[in-house]
Amino acid sequence: MQSYDLPAAVPVAFGLGRLNDLGKLAAERLGPEQRLLLVADPFAVSSGLAERLIQGLEAAGHKAALFSDIASDPREGHIDACAEAARGFGASAIIALGGGSAMDVGKLAAAIVGAEEGSAAYALAIKPFPGNGLPVIAIPTTSGTGAEMTAVSVFSLADGTKVWAWGLELFPRLALLDAEITASLPATLTAATGVDALVHAIESMTNCKAHPLNDPPAMRAIGLIRRWLPRVVADGSDLEARGQVQIAACLAGAAIAVNGCAVAHGLGHALGTVGHVHHGRAVGLSLRVALAGNVAATPERHALVAEAFGIERQGRSDATLAAALPEVYDAFLREVGLEISLAGDGLSGVDEERLAAACDTPENRPMFEITCRDFDRAEVERLCRELLTAA
């Protein structure tokens, strides 16, 4: 039989109001009277959430400082500045609060705080981390990236190239999930981040690294998103739906922490580099054009996805069941209001060659290579053309 590895998951604290436990949880996980750098995105600052956390941490006996120089698509300069802020404050740990960008910055800054080189030196896992980094508590304010559960940070180099860093040092010490802090997320971002989690779950189940030990969290995530994401997009104040989607994103993050992603992320990252399209929407649209070919390559794996998505087998073979998935997936994207056309992003068929070239780079090629099928240049160009001209 084939051998599998299933790394230990990041511990999770989940529940409404759990944010109020942060000071206590930090003491339990890190020790009393810590010096904690809160890495928060601009929204967490403007909403008052960051200040609330600082007050709570200080009331619990910790020292806390704030770093909030973060962009929605963070660059190496943001991460290096964060690491320097941690050094200057003498931080013993980092609290990463926000969407995927804030968690990516906090995780990577914590890992390089004791390094001589900046974050760019660790792009594409070329260089191992020094091993003297800081622990991280990750608190997502969106439900999509699953960064609170992964050993990956995504960022851009100074020239705008979107890359990733990987290492066990990037696993958070704790993920704290509180659906109350996601309630103000607009419907468009709720949909895009939820679709991101859905793509994580689907790709972790269908790429070349997929294995049965990792199927359960991915399948559960797919089912939860199918059921609850339309409901929370329709009513953002529905905290039950918010919580269920937050759990799904966490499960999907745990799944990709084991198996990684595939073509939708390779193509989606390229789309982010070329057109600055929101990550969740980019990977969702990318899977839309790649899914039929993926289904044909591994119908048995995609039949599992189809069943998790709620498509009834009704005596059908794996191939027949899986063949229904692309149309149902497309309908779901439209149901949650994801904009299919990229015309509003200033992109069209004339960008095909540039997008295809961005796919064939060291940072994106590996995700094509672990997909369940092979891609030659003609197929990549076809996917780019279909993506750019979709309506």
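Values below: every heavy atom of this structure, side chains too, minus hydrogens, waters and symmetry copies.
- Residue Ser156 holds its OG atom at 3.5 Å from CG of Asp73, rounded to the nearest 0.5 Å.
- Residues Leu22 and Ile139 are in side-chain contact: their nearest non-hydrogen atoms beyond the backbone lie under 4.5 Å apart.
- Counting non-hydrogen atoms of other residues, nucleotides and ligands closer than 6.0 Å to CD of Glu84 gives a total above 12.
- The residues Glu307 and Arg313 are annotated as salt-bridged, a charged nitrogen and a carboxylate oxygen being separated by less than 4.0 angstrom.
- The shortest distance between side-chain heavy atoms of Val105 and Phe155 does not fall below 4.5 Å.
- Scanning all heavy atoms of the two residues, the minimum distance from Ala158 to Arg75 falls at O-NH1, 3.0 Å.
- Between Asn294 and Val263 there is a side-chain heavy-atom pair separated by less than 4.5 Å.
- For the pair Asn214 (side chain) and Ala255 (backbone), a donor-acceptor distance under 3.5 Å is present.
- In terms of modelled atom types and a separation under 3.5 Å, the side chain of Ser341 and the main chain of Ala391 share no donor-acceptor contact.
- For His62, the ring-ring contact (aromatic ring centres under 6.0 Å, His included) test picks out no residue, with sequence neighbours left out.
- Checked against ring-ring contact (aromatic ring centres under 6.0 Å, His included), His211 has the following partners two or more places apart in sequence or in another chain: Tyr4.
- By the 4.0 Å N-to-carboxylate-O rule, Arg354 lies close enough to Asp351 to be salt-bridged with it.
- Between Leu170 and Ser153, the shortest heavy-atom contact is CD1-N, 3.8 Å.
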**Request:** Decide yes or no on side chain to side chain contact (heavy atoms under 4.5 Å, CB included) for Leu30 and Leu25, but give the supporting numbers first.
**Result:** CA-CA 8 Å; Leu30 308 172; Leu25 289 168; over 6 Å; no

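- Side chain to side chain, Ser92 and Gln34 meet the donor-acceptor criterion of an N or O pair below 3.5 Å.
- Nearest heavy-atom pair, Gly284 versus Leu333, reported as atom, atom and distance to 0.1 Å: O-CD1, 3.7 Å.
- The aromatic rings of Phe368 and Phe375 sit perpendicular, their planes meeting at an angle over 60°, well past the 30° parallel limit.
- For CD of Glu28, the number of neighbouring non-hydrogen atoms (other residues, nucleotides, ligands) closer than 6.0 Å is greater than 12.
- Counting heavy atoms from C-beta outward, Arg242 and Thr190 have side chains that approach closer than 4.5 Å.
- The main-chain N or O of Arg385 is found under 3.5 Å from a side-chain atom of Thr389 such that the two form a donor-acceptor pair.
- Crowding of Arg220 atom CZ: a count of heavy atoms from other residues, nucleotides or ligands under 6.0 Å not exceeding 12.
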**Asked** For Cys208 and Thr371, what are the C-alpha separation, side-chain angles and deciding distance, and is it a side chain to side chain contact (heavy atoms under 4.5 Å, CB included)?
**Response** CA-CA 6 Å; Cys208 292; Thr371 304; over 6 Å; no

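- Hydrophobic clustering of Ile, Leu, Val, Met, Phe, Trp and Tyr side chains at less than 4.5 Å, counting indirect connections, keeps Ile256 apart from Leu229.
- Counting only heavy atoms from C-beta outward, the side chains of Arg29 and Pro11 approach each other to under 4.5 Å.
- Side-chain atoms of Asn207 come within 3.5 Å of backbone N or O of Gly260 as a donor-acceptor pair.
- Residue Glu240 qualifies as enclosed at atom CD: its count of foreign heavy atoms under 6.0 Å is above 12.
- A salt bridge is defined here as a Lys NZ or Arg NE, NH1 or NH2 lying under 4.0 Å from an Asp or Glu carboxylate O, and Arg18 with Glu180 fails to meet this definition.
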**Asked** Please walk me through it: do Leu97 and Leu49 pass side chain to side chain contact (heavy atoms under 4.5 Å, CB included)?
**Response** CA-CA 9 Å; Leu97 170 72; Leu49 185 59; 4.0 Å; yes

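- The side chain to side chain contact (heavy atoms under 4.5 Å, CB included) search around Thr145 returns Met103, Ala147, Asp196, not counting sequence neighbours.
- Residues Phe89 and Val136 do not share a hydrophobic cluster, clusters being chains of Ile/Leu/Val/Met/Phe/Trp/Tyr side chains in contact below 4.5 Å.
- Here the closest non-hydrogen pair linking Ser286 and Ala282 is OG-O, 2.8 Å.
- In terms of modelled atom types and a separation under 3.5 Å, the side chain of Glu363 and the main chain of Leu124 share no donor-acceptor contact.
- More than 12 heavy atoms of other residues, nucleotides or ligands sit less than 6.0 Å from atom CG of Asp159.
- Formation of a donor-acceptor pair under 3.5 Å by the Thr193 side chain with backbone atoms of Leu189 is found in this model.
- Counting only N and O atoms by type, the side chains of His302 and Thr298 include a donor and acceptor under 3.5 Å apart.
- A donor and an acceptor atom, one from each side chain of Thr150 and Lys107, are located under 3.5 Å apart.
- The nearest pair of heavy atoms linking Ala322 to Pro299 is CB-O, 3.5 Å.
- Checking side-chain atoms of Asp41 against main-chain N and O of Ala102 turns up no donor-acceptor pair under 3.5 Å.
- Proximity of Tyr122 to Pro130: side-chain heavy atoms (C-beta onward) are separated by under 4.5 Å at one or more points.
- Within the model, atoms CD1 of Ile79 and CG of Leu108 stand 4.5 Å from one another, a figure rounded to the nearest 0.5 Å.
- Although no hydrogens or angles enter the test, the distance criterion places no donor-acceptor pair under 3.5 Å between the side chain of Asp69 and the main chain of Cys82.
- Side chain of Asp345 to backbone of His276: no donor-acceptor contact under 3.5 angstrom is found.
- A donor atom on one side chain and an acceptor atom on the other are not found under 3.5 Å apart for Arg281 and Thr188.
- With rounding to the nearest 0.5 angstrom, the CG atom of Leu355 is 6.5 Å from the CG atom of Leu387.
- No continuous path of hydrophobic side-chain contacts links Leu16 to Leu177 [ILVMFWY only; heavy atoms under 4.5 Å].
- Between Arg334 and Asp330, at least one side-chain nitrogen of the basic residue sits less than 4.0 Å from a carboxylate oxygen of the acidic one, meeting the salt-bridge criterion.
- A continuous path of ILVMFWY side-chain contacts below 4.5 Å connects Val274 to Leu157, so both sit in one hydrophobic cluster.
- Although no hydrogens or angles enter the test, the distance criterion places no donor-acceptor pair under 3.5 Å between the side chain of Asp21 and the main chain of Lys24.
- Salt-bridge check for Glu386 with Arg382: passed, with a basic side-chain N closer than 4.0 Å to an acidic carboxylate O.
- Heavy-atom minimum distance, Pro172 versus Val10: O-CG1, 3.5 Å.
- Atom NZ of Lys209 is separated from atom CD1 of Ile370 by 5.0 Å, given to the nearest 0.5 angstrom.
- Both Ile311 and Phe332 belong to a single network of hydrophobic side chains, linked directly or stepwise wherever heavy atoms of I, L, V, M, F, W or Y lie under 4.5 Å apart.
- For the pair Cys359/Arg365, no side-chain contact is recorded, criterion being any heavy-atom separation below 4.5 Å from C-beta on.
- Residues Leu198 and Tyr329 have side chains in contact (heavy-atom distance under 4.5 Å, counting atoms from C-beta outward).
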**side chain to side chain contact (heavy atoms under 4.5 Å, CB included) evaluation trace for Val39 with Ile95** = CA-CA 6 Å; Val39 179; Ile95 310 290; over 6 Å; no

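- Put simply, CD on Gln244 and CZ on Arg231 are 9.0 Å apart, with the number rounded to the nearest 0.5 Å.
- Note that SG of Cys384 and CG of Leu347 are 11.0 Å apart. Values are rounded to the nearest 0.5 Å.
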